[in-house]
Amino acid sequence: MLDQIMNSPNFNYLSRAMTAASMRQEVVANNIANVNTPNYRKKNVEFEDLLAREIYGEKTPEGKLQMVQTHSKHLPYKPREIHATPTLVEDNTTIMRVDDNNVDVDIEMATLAKNQIYYNALATELGGYVSKMRNAITSGQS
């Protein structure tokens with residue numbers, strides 16, 4: 001029973017998203033710390049697009065749902081082989097300074113604030129999920 005709760009899609013997605021948000025917080029803080037380092041290239045964490053691809057697939061038409069097997073007698077489907085994990089990517093696209101550093105403090109601070117809100121929302125959602133599971137487990141006990 002505990003295995004089913006801990007391996008549910010909600011718990012799985014939320015915990016991986018929180019890991020990505022935590023990693024992003026560290027990466028952005030590192031970018032800000034290196035704002036005056038010559039030749040430094042900022043780094044980004046990619047996760048949300050990978051997770052969307054894991055959930056919805058590559059070629060799902062807009063507004064269409066994927067087929068899901070909810071009963072053993074339903075048509076079989078092949079589960080996704082993608083397992084999205086946070087990935088660290090170096091950004092080499094823009095260089096805005098003569099020392100070849102591409103960190104913009106204003107953008108990094110905005111990313112930091114956005115990520116903090118995102119992390120708090122994930123923590124709230126995960127806490128609500130755990131609370132619902134606890135209530136479901138203990139509701140029949142006196």
Side-chain angles (χ1 to χ4, degrees), residues 1-97 99-141:
M1 169 101 162
L2 185 60
D3 190 43
Q4 289 176 332
I5 293 170
M6 300 305 281
N7 289 327
S8 74
N10 285 348
F11 194 81
N12 186 340
Y13 296 148
L14 288 171
S15 63
R16 285 192 286 152
M18 287 183 74
T19 300
S22 178
M23 182 178 173
R24 184 175 292 116
Q25 197 80 359
E26 291 177 23
V27 167
V28 171
N30 190 44
N31 288 344
I32 293 170
N34 284 293
V35 69
N36 292 322
T37 305
N39 300 315
Y40 180 80
R41 300 286 188 264
K42 74 177 185 174
K43 292 163 184 66
N44 297 312
V45 175
E46 290 184 359
F47 175 72
E48 287 76 12
D49 291 338
L50 299 172
L51 182 62
R53 218 174 301 143
E54 176 186 337
I55 295 170
Y56 301 114
E58 295 280 342
K59 300 178 182 176
T60 303
E62 189 72 27
K64 301 286 182 175
L65 296 175
Q66 290 282 330
M67 184 174 88
V68 177
Q69 185 178 11
T70 57
H71 190 274
S72 62
K73 294 189 179 188
H74 286 176
L75 295 172
Y77 76 102
K78 184 178 179 185
R80 304 241 181 273
E81 295 178 10
I82 302 170
H83 186 74
T85 56
T87 307
L88 187 62
V89 178
E90 189 172 287
D91 183 1
N92 290 315
T93 57
T94 59
I95 298 174
M96 41 190 279
R97 298 181 0 191
D99 66 353
D100 288 334
N101 184 313
N102 67 347
V103 176
D104 183 346
V105 175
D106 294 332
I107 291 173
E108 296 301 312
M109 293 300 288
T111 302
L112 207 59
K114 177 183 171 183
N115 190 60
Q116 185 63 43
I117 293 168
Y118 176 64
Y119 185 87
N120 288 342
L122 290 169
T124 300
E125 191 66 28
L126 187 60
Y129 174 75
V130 170
S131 178
K132 287 177 196 172
M133 291 298 111
R134 185 180 60 233
N135 287 341
I137 292 169
T138 60
S139 65
Q141 298 175 357

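Computed from a predicted model, the values in this text were never measured in an experiment.
Looking at residues two or more places apart in sequence or on another chain, you find a side chain to side chain contact (heavy atoms under 4.5 Å, CB included) between Asn30 and Asn34, Tyr40. Residues satisfying the side chain to side chain contact (heavy atoms under 4.5 Å, CB included) criterion with Gln116, sequence neighbours excluded, are Gln25, Asn120.
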Item to complete: Please step through side-chain contact (heavy atoms from CB on, under 4.5 Å) for the pair Asn12 and His83, ending with a clear verdict.
Response: CA-CA 11 Å; Asn12 186 340; His83 186 74; 4.2 Å; yes
Item to complete: Check step by step if side-chain contact (heavy atoms from CB on, under 4.5 Å) holds for Glu54 and Tyr13.
Response: CA-CA 10 Å; Glu54 176 186 337; Tyr13 296 148; 3.7 Å; yes
Item to complete: Apply side-chain contact (heavy atoms from CB on, under 4.5 Å) to the pair Met23 and Val28, showing each step before the final yes or no.
Response: CA-CA 9 Å; Met23 182 178 173; Val28 171; over 6 Å; no
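Shown here for Phe47 and Ala84, the closest heavy-atom pair between the two residues is CE1-O, 3.7 Å. Counting all heavy atoms, side chain and backbone alike, Tyr119 lies closest to Ser22 at CD1-N, 4.3 Å.
A salt bridge links Glu90 with Lys43; the closest basic N to acidic carboxylate O contact falls under 4.0 Å. Remark: Arg24 engages Glu48 in a salt bridge, criterion side-chain N to carboxylate O under 4.0 Å.
Atoms CG and CG, from Asn36 and Asn101 in turn, are 7.5 Å apart once rounded to the nearest 0.5 Å. With rounding to the nearest 0.5 angstrom, the CD atom of Glu46 is 9.5 Å from the CG atom of Leu88. Between the CD atom in Glu26 and the CG atom in Asn115 there is a gap of 10.5 Å [rounded to 0.5 Å]. One distance of note links CG of Leu50 with CZ of Arg16; it measures 10.0 Å at 0.5 Å rounding. Annotation: the span from Arg41 atom CZ to Asn92 atom CG amounts to 5.5 Å, rounded to 0.5 Å.
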Scan the side chains in residues 107-114 for donor-acceptor partners under 3.5 Å anywhere in the protein, sequence neighbours excluded, and list what turns up.
| residue | atom | partner | partner atom | Å |
| --- | --- | --- | --- | --- |
| Glu108 | OE1 | Asn31 | ND2 | 3.2 |
| Thr111 | OG1 | Ile107 | O | 2.8 |

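Between the side chain of Asn102 and the backbone N or O of Thr93 there is no donor-acceptor pair closer than 3.5 Å. Between the side chain of Asn44 and the backbone N or O of Val89 there is no donor-acceptor pair closer than 3.5 Å. Thr87 contributes a side-chain N or O that, together with a main-chain N or O of Thr85, makes up a donor-acceptor pair within less than 3.5 Å.
Using a 4.5 Å heavy-atom cutoff, the side chains of Ser131 and Asn135 are in contact.
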